[in-house]
Amino acid sequence: MRLHVIDGTFELFRAFYSKTPDHVTPDGLQAKATAGVIRSLLALLHDQREDVTHVAMAFDNPIESFRNELYGGYKTGAGIPAALRANFDPVEEAVAAVGVTVWRMDRWEADDALATAAARWADDVDQVRILTPDKDLGQCIRGDRVVTVDRIRKTVTDEAALLEKRGIRPASVADYLALVGDTADGIPGLPGWGAKSAATLLLEYETLDRIPDDAADWTVKVRGAEQLASVLREHRPDAELFRTLALLVTDVPLQESLDDLKWRGVPRSGFESWCEQFGLPSLIERPARWDEFD
């Protein structure tokens, strides 16, 4: 039994900026993004290698969250094309029509929902697979029980792979992003701190709190140690704030039980109705498994 939790916002943006042809619904909605998400979701649900048994998809709707109250530079919905924003509600309705649970996040973010699901149900399933390329979800990895999956690059990252790729363990991911920054979320990081220096120190000390103020006390060698230590001393409050921004919430009040996330197949009547409404009758033949109770 596997639990797949999907970063729906990433999937929506990916579909919108893909090179697939535009699609306009009979009502005039530019719906290439929503159509792309559904095609991708159906492919996942019917992929025997993925063996989907329980699944949910989370969306940022709106983009802003409680983190914007903590830091003015955090990512916002500014600059999102109107044609993409117009798909925020319809894509949730479309995913539900496929029989997949939808988590709409407003105060929290989609990543928080994914992190909560991983924390809540990791011990109840054989594996939790978090479908996103976002670096911050690396903090949820647990051995090979909780992994992240990048469908674009076709890679699966468990704890050993994270250590090999980034030189850190899951407990250090938020601290790592605080030091080096995360442009996708508007986290600038600290001046002069790069991936190699941050990873070396965090592998030794695990969290930025444990990194000594004086480079002379560091037990590992890092190029430009004195300057890095000086920056960290001066900007510790900033680093702690950035870590708070990067640290995912694992107690979002999701209402569903694990059994509620069981995928029983595509509900035929609801999906056929959605296909007609969206002007995509060709997709009606796409599902390989229907919900026998629908």
Side-chain angles (χ1 to χ4, degrees), residues 3-14 56-71 73-77 103 105-120 122 128-143 145-153 155-190 193-195 198-199 201-203 206-209 238-252 254:
L3 171 59
H4 287 71
V5 287
I6 309 166
D7 183 347
T9 301
F10 169 77
E11 293 292 336
L12 186 66
F13 275 66
R14 177 164 76 107
M57 183 175 280
F59 291 92
D60 298 311
N61 192 359
I63 296 296
E64 289 77 12
S65 71
F66 76 92
R67 293 178 176 87
N68 295 93
E69 301 169 8
L70 301 176
Y71 179 59
Y74 198 70
K75 66 179 180 181
T76 69
W103 291 323
M105 295 293 104
D106 46 19
R107 177 161 178 75
W108 294 278
E109 296 181 45
D111 288 354
D112 297 315
L114 307 184
T116 295
R120 184 179 298 179
V128 177
R129 294 171 73 80
I130 304 173
L131 275 59
T132 181
D134 286 359
K135 295 187 291 293
D136 55 355
L137 268 300
Q139 64 194 271
C140 302
I141 293 172
R142 202 174 95 188
R145 175 61 67 90
V146 180
V147 301
T148 61
V149 180
D150 185 337
R151 295 179 70 195
I152 296 176
R153 298 169 182 82
T155 58
V156 177
T157 303
D158 59 12
E159 197 160 342
L162 178 68
L163 182 59
E164 180 179 355
K165 181 179 181 180
R166 300 204 182 279
I168 55 174
R169 296 185 173 88
S172 301
V173 168
D175 299 78
Y176 175 85
L177 295 175
L179 293 172
V180 306
D182 187 353
T183 55
D185 287 339
I187 299 175
L190 299 190
W193 279 81
L201 285 160
L202 289 173
L203 186 61
E206 190 174 89
T207 68
L208 61 88
D209 308 281
D238 293 330
E240 291 167 358
L241 171 60
F242 298 154
R243 178 177 56 189
T244 297
L245 298 175
L247 192 64
L248 297 178
V249 176
T250 57
D251 60 355
V252 174
L254 303 176

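Numbering starts at 1 and runs along the sequence shown. These values consider heavy atoms only, across backbone and side chains, with no hydrogens, waters or symmetry-generated copies.
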Review point. What's the spacing between E11 CD and T9 OG1 if we round to 0.5 Å?
Key: 10.0 Å
Check your understanding: Which heavy atom of A58 sits nearest a heavy atom of L114, and at what distance?
Key -> CB-CD2, 4.0 Å
Practice item. Answer yes or no: is there a donor N or O on one side and an acceptor on the other, between the side chain of D60 and the main chain of A110, under 3.5 Å? Key: yes
**Study point:** Closest non-hydrogen atom pair between L254 and A117, with its separation
**Key:** CD1-N, 4.3 Å
Check your understanding: Taking only residues two or more places apart in sequence, or in another chain, which ones meet L70 in a side-chain contact (heavy atoms from CB on, under 4.5 Å)?
Key -> F66, L241, T244, L245
Point to revise | Side-chain heavy-atom pair R129, V156 within 4.5 angstrom cut-off | key: yes
**Study point:** Residue pairs, two or more places apart or on separate chains, that pass salt bridge (Lys or Arg N to Asp or Glu O under 4.0 Å) and touch residues 105-120
**Key:** R67-E109, R67-D112, E69-R107, K75-E109
Review point. Counting only N and O atoms by type, is there a donor-acceptor contact under 3.5 Å from the side chain of Q139 to the main-chain atoms of A115?
Key: no
Check your understanding: Which pair of non-hydrogen atoms, one from V252 and one from A113, has the smallest distance, and what is that distance?
Key -> CG2-N, 4.3 Å
Check your understanding: If you measure from CZ on F242 to CG on L208, what distance do you get to the nearest 0.5 Å?
Key -> 11.5 Å
Review point. CG of L162 to OG1 of T148: how many Å apart, nearest 0.5 Å?
Key: 7.5 Å
Check your understanding: What closest approach, in Å, do V180 and G194 show between heavy atoms, and which atom pair accounts for it?
Key -> CG1-O, 3.4 Å
Review point. So do V173 and L202 actually touch side chain to side chain, heavy atoms under 4.5 Å?
Key: no
**Study point:** Main-chain N/O of A122 paired with R145 side-chain donor or acceptor, under 3.5 Å
**Key:** yes
Review point. Rounded to the nearest 0.5 Å, how far does CG of L201 lie from CD1 of I168?
Key: 12.5 Å
Check your understanding: Between D185 and D136, what is the shortest heavy-atom contact and its length?
Key -> OD2-OD2, 3.7 Å
Point to revise | Closest non-hydrogen atom pair, Y176 against A195 | key: OH-CB, 3.2 Å
Point to revise | side chain to side chain contact (heavy atoms under 4.5 Å, CB included) partner of V5, the single match among L131, T132, I130, L137 | key: I130
Check your understanding: What's the spacing between L163 CG and I141 CD1 if we round to 0.5 Å?
Key -> 11.0 Å
Point to revise | Qualifying salt bridge (Lys or Arg N to Asp or Glu O under 4.0 Å) pairs, either residue in residues 155-176, two or more places apart | key: D175-R243
Review point. Can you find a pair of side-chain heavy atoms, one from I152 and one from F10, that are under 4.5 Å apart?
Key: yes
Review point. Is there a side-chain contact between M105 and S65, using heavy atoms and a 4.5 Å cut-off?
Key: no
Study note, to complete from the structure: dist I187:CD1 -> Y74:OH (nearest 0.5 Å) comes out at 5.5 Å
Check your understanding: Checking T116 side chain against V249 main chain: does a donor-acceptor pair fall under 3.5 Å?
Key -> yes
